[in-house]
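Okay, structure first, notes after.
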Amino acid sequence: IEAQSAWGRVNRRQACGLCAVGGLRDAGVSALKLVGRGGPTKMKVAVLKAVKDALLIKDAGELREFGKRRYVELFGQPCSPQVCYYPELF
C-alpha cells in the first residue's frame with residue numbers, strides 16, 4: 001500500500017536514469033533517448049549537459065552520488081525509486 005501511495009507524491013515526468021549512464025556506456029550502449037521532448041528547451045539542454053557530465057565519471061558510487069545531486073539541481077527535489085528507470089541501482 002505504501003508503494004502505491006508513493007506514486008501520488010512524485011512527478012513521473014521527471015523520470016531519470018542518470019545513475020546508470022556509466023554502466024550503459026560500459027555495456028556498449030552508444031545512444032540514449034532522453035525524455036521530455038515537449039518540455040522547455042532550457043531543461044532539455046540542462047539534461048543533456050548532465051548526461052555529458054555523467055559520462056566522464058568512471059566510478060559507479062561516485063556516479064550515483066552525482067546523479068542524486070544533479071537530480072535535485074534539475075528538478076528541485078530528491079530522486080525517488082518511483083521515477084528511476086533503474087531502481088535496482090537506487
Side-chain angles (χ1 to χ4, degrees):
I1 293 176
E2 174 60 28
Q4 283 298 106
S5 66
W7 283 104
R9 297 188 298 265
V10 297
N11 182 344
R12 286 174 272 175
R13 293 204 283 167
Q14 297 173 345
C16 182
L18 195 56
C19 295
V21 168
L24 293 169
R25 175 203 56 224
D26 296 346
V29 173
S30 61
L32 299 171
K33 177 190 180 291
L34 300 177
V35 299
R37 68 175 168 242
T41 300
K42 184 177 180 179
M43 179 57 78
K44 290 184 276 195
V45 170
V47 169
L48 285 171
K49 181 168 178 3
V51 171
K52 179 182 174 187
D53 293 345
L55 287 169
L56 300 174
I57 300 172
K58 300 297 183 196
D59 179 74
E62 184 182 340
L63 181 56
R64 277 191 294 279
E65 291 307 311
F66 167 83
K68 289 178 181 182
R69 282 192 316 273
R70 189 58 67 93
Y71 189 89
V72 171
E73 292 169 11
L74 289 168
F75 301 112
Q77 61 192 19
C79 63
S80 159
Q82 281 79 21
V83 292
C84 184
Y85 286 118
Y86 303 94
E88 63 276 9
L89 298 176
F90 199 86

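This chain uses plain numbering: 1 for the first residue, then up along the sequence.
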State the [atom1]-[atom2] distance between [X] and [Y], to the nearest 0.5 angstrom.
X     : Y     : atom1 : atom2 : answer
Phe66 : Leu56 : CZ    : CG    : 8.5 Å
Cys84 : Lys68 : SG    : NZ    : 9.5 Å
Glu88 : Cys19 : CD    : SG    : 11.0 Å

Minimum heavy-atom separation for [X] to [Y], with atom names?
X     : Y     : answer
Leu74 : Met43 : O-CE, 3.3 Å
Gly22 : Leu63 : N-CD2, 3.4 Å
Val72 : Pro78 : CG2-CA, 3.8 Å
Tyr71 : Gln14 : OH-O, 2.8 Å
Leu32 : Val21 : CD1-CG2, 4.4 Å
Tyr85 : Gly17 : CD1-N, 3.8 Å

With sequence neighbours excluded, tell me which residues meet side-chain hydrogen bond (donor to acceptor under 3.5 Å, both in side chains) with Lys49.
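With sequence neighbours excluded, Lys49 shows a side-chain hydrogen bond (donor to acceptor under 3.5 Å, both in side chains) to Asp53, given in chain and number order.
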Validation row: Phe75, Val83 side chains within 4.5 angstrom (heavy atoms)
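Phe75 vs Val83: side chains apart.
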After noting the C-alpha distance and the side-chain angles of Leu55 and Arg25, does the key distance pass the side chain to side chain contact (heavy atoms under 4.5 Å, CB included) rule?
CA-CA 8 Å; Leu55 287 169; Arg25 175 203 56 224; 4.1 Å; yes
